[in-house]
**Student:** 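Quick one: the structure is below, and I'll ask about it shortly.
Residue numbers begin at 1 in each chain, while the letters A, B, ... track the order of the sequences.
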2 protein chains.
Amino acid sequence: MINSNFLSIDEEKKERILNAAMKEFAQKGFDNASTNEMVKEANISKGLLFHYFGSKKELFMFLFNYSVELFSNEFYGKIDMNERDIFELTKQSKIIKLGLINKYPGIFEFMQSAVTEASAKVKDEMDSMKNELVSAGFNKVFENIDTSKFRDSIDASKVLKVIEWTFEGMLEQELRKARFLNKKVEVEKLYDKADEYIEFFKICFYK
Amino acid sequence: MINSNFLSIDEEKKERILNAAMKEFAQKGFDNASTNEMVKEANISKGLLFHYFGSKKELFMFLFNYSVELFSNEFYGKIDMNERDIFELTKQSKIIKLGLINKYPGIFEFMQSAVTEASAKVKDEMDSMKNELVSAGFNKVFENIDTSKFRDSIDASKVLKVIEWTFEGMLEQELRKARFLNKKVEVEKLYDKADEYIEFFKICFYK
DNA sequence: ATGTGATTGACCACTCTGGTCAATATTTAT
DNA sequence: ATAAATATTGACCAGAGTGGTCAATCACAT
């Protein structure tokens, strides 16, 4: 009887709980994350958290599963697998990322801190989760990119890296700016900015 | 009589203490950082840490001062202020960054977490430190870049951003790789890789 | 031997921990 | 209107960990 009906509760409350827990885990790691802080931030009672999840460890593993599932559903649901244009693909993947961050502000920080989590109390479970993940085999999407439009004199693999780093850097910049102003990044704005750089790149890289 | 003669102790021991403390503060923030963890990691006794720094708060402020001073000394000491070539400048600044990370693995994480530190116990001190820093006026170095070599059809400000994001992404990639293999990034390797991308960029951006 | 400064770690009063569970509030069925 | 069922609370617990202290020990120069 683990987190039985948590998934069917009020959406807003659910997000409050998930976000509070992810934020706390991401900030302090498993051992130092405080369930008291989580319930304070989520505005629920201590008892309710443990009613839903049983223990801190189960909460942590649920969160990790939930995050990974959410991410892969969003990613493979929204991305167009037949798209061979590198710009469209990169743009799509960053927009998906932004959408998730807007809904769950700490989700990527949490996932990253979870895979590098060192606490002995969750090591075994995390190791087997990670094994499952690598054998699932991510990111075949970027494998059959159309490189025929690029100028012959330039190295296509470098083009791909530069595009990836540029859009990641752009997203990070916008996230920092938004965090500073205490707002969310507007997807539209990022879209326009991305398009600007795509035009720029076409001038630089295309024949 | 604050941290009296700490600066003159054995260099290796000094680094052990600084690194342990920066790591702990960066990972958990001021309130949740444990001085017990620090002395365990640095392999010194509890008493010695407090003999040098008096209190957790003084240790934190000392670390921040020390980091900022170190960074600005390295930066303005090593960077060639007359260099107007964007590639040389960016390469230099990333090499300086790598050098510091190799010596103090957690220094940038610590500085970043320190400026965003929310604990009430250090808020006042950090606020005045931050004010001092902005009035010092950083980063005039990248202001008089020579853009005359760029093709006229492309936007110079975008070129600068792409270069910055590319080199930052490259450094991050190498750091992750090194962390995974439990090694340090070799400065030489990064140098070569940076040069490869500089050649690539010259083909793309130059007339 | 003696003096001196560097270094130790057991100890303190106190806060916070994950988790429990009887009590209460709220919703649903009759 | 009542009863039954479910959702939610928060005071409470034993134990762990906290920043900081200080008498005692160590290493070494004279």
**Student:** Whether the side chain of Lys56(B) and the base of dG20(D) hold a donor-acceptor pair under 3.5 Å is what I'd like checked.
**Tutor:**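 Such a pair does not exist between side chain and base.
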**Student:** Name the closest nucleotide to the His51(B) side chain, picking from dT9(D), dA6(C), dT18(D).
**Tutor:**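 Looking only at side-chain atoms, His51(B) lies closest to dA6(C).
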**Student:** Rounded to the nearest angstrom, tell me the gap between atom CD in Glu37(B) and atom P in dA16(D).
**Tutor:** 16 Å
**Student:** Any chance the rings of Phe53(B) and Phe6(B) have centres within less than 6.0 Å?
**Tutor:**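 That pair passes the under 6.0 Å test.
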**Student:** Output the single nucleotide from dA6(C), dG19(C), dG19(D) whose closest atom is nearest the side chain of Lys46(B).
**Tutor:**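 My answer, after comparing the listed nucleotides, is dG19(D).
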**Student:** Take the protein atom CD of Glu58(B) and the nucleotide atom P of dG19(D), then report the distance between them rounded to whole Å.
**Tutor:**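 After rounding, the reported distance stands at 15 Å.
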**Student:** Is the distance from OP1 or OP2 of dT17(C) to the nearest side-chain N or O of Asn36(A) less than 4.0 Å?
**Tutor:**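 So the side-chain polar atoms of Asn36(A) do come within 4.0 Å of the phosphate oxygens OP1 or OP2 of dT17(C), strictly under.
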**Student:** Can Glu172(B) and Trp165(A) be said to form a side-chain contact (heavy atoms from CB on, under 4.5 Å), step by step?
**Tutor:** CA-CA 10 Å; Glu172(B) 278 302 317; Trp165(A) 287 330; over 6 Å; no
**Student:** 5'-most contact on DNA chain C: Leu48(A) or Thr35(A), nearest heavy atom basis?
**Tutor:** Thr35(A)
**Student:** Roughly how many Å is it from CZ in Phe30(B) to C1' in dT18(D), rounded to a whole number?
**Tutor:** 12 Å
**Student:** Let me know the distance between NZ of Lys40(B) and C1' of dG17(D), rounded to the nearest Å.
**Tutor:** 11 Å
**Student:** Could you name each residue pair satisfying side-chain hydrogen bond (donor to acceptor under 3.5 Å, both in side chains) that touches residues 97-115 of chain A, not counting sequence neighbours?
**Tutor:**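 Those involving residues 97-115 of chain A are Tyr66(A)-Tyr104(A), Lys97(A)-Glu168(A).
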**Student:** Look at the side-chain N and O atoms of Tyr52(B) and state whether any lies under 4.0 Å from the OP1 or OP2 oxygen of dT7(C).
**Tutor:** yes
**Student:** Base, sugar-phosphate, or nothing: which does Lys13(B) touch, judged by heavy atoms less than 4.0 Å apart?
**Tutor:** sugar-phosphate
**Student:** Salt bridge check: are Arg16(B) and Glu11(B) linked by an N-O gap of less than 4.0 Å?
**Tutor:**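 No, no charged N to carboxylate O under 4.0 Å.
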**Student:** Taking NZ from Lys57(B) and C1' from dG20(D), how many angstroms apart are they, rounded to a whole number?
**Tutor:** 15 Å
**Student:** Separation of Leu59(B) atom CG from dG19(D) atom P, in whole Å?
**Tutor:**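 Distance check: Leu59(B) CG to dG19(D) P gives 11 Å.
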**Student:** When the nearest nucleotide of DNA chain D is assigned to Asn32(A) and to Ile44(A) on a heavy-atom basis, which residue is associated with the more 5' position?
**Tutor:** Ile44(A)
**Student:** Can you see if the side chain of Lys28(A) gets near the phosphate of dC16(C) - specifically, an N or O under 4.0 Å from OP1 or OP2?
**Tutor:** no
**Student:** Is the distance from OP1 or OP2 of dT8(D) to the nearest side-chain N or O of Ser45(A) less than 4.0 Å?
**Tutor:**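 For dT8(D), neither OP1 nor OP2 has a side-chain N or O of Ser45(A) closer than 4.0 Å.
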**Student:** Can you list every salt bridge (Lys or Arg N to Asp or Glu O under 4.0 Å) pair that touches residues 34-46 of chain B, not counting sequence neighbours?
**Tutor:**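 Those involving residues 34-46 of chain B are Lys23(B)-Glu41(B), Glu37(B)-Lys40(B).
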**Student:** What integer distance in Å separates Met38(A):CE from dC16(C):P?
**Tutor:** 16 Å
**Student:** With a 4.0 Å limit, can you tell me whether Asn5(A) has a side-chain N or O closer than that to the phosphate oxygens OP1/OP2 of dA7(D)?
**Tutor:** yes
**Student:** Please report the distance, rounded to the nearest Å, between CG in Asn43(A) and C1' in dT9(D).
**Tutor:** 12 Å
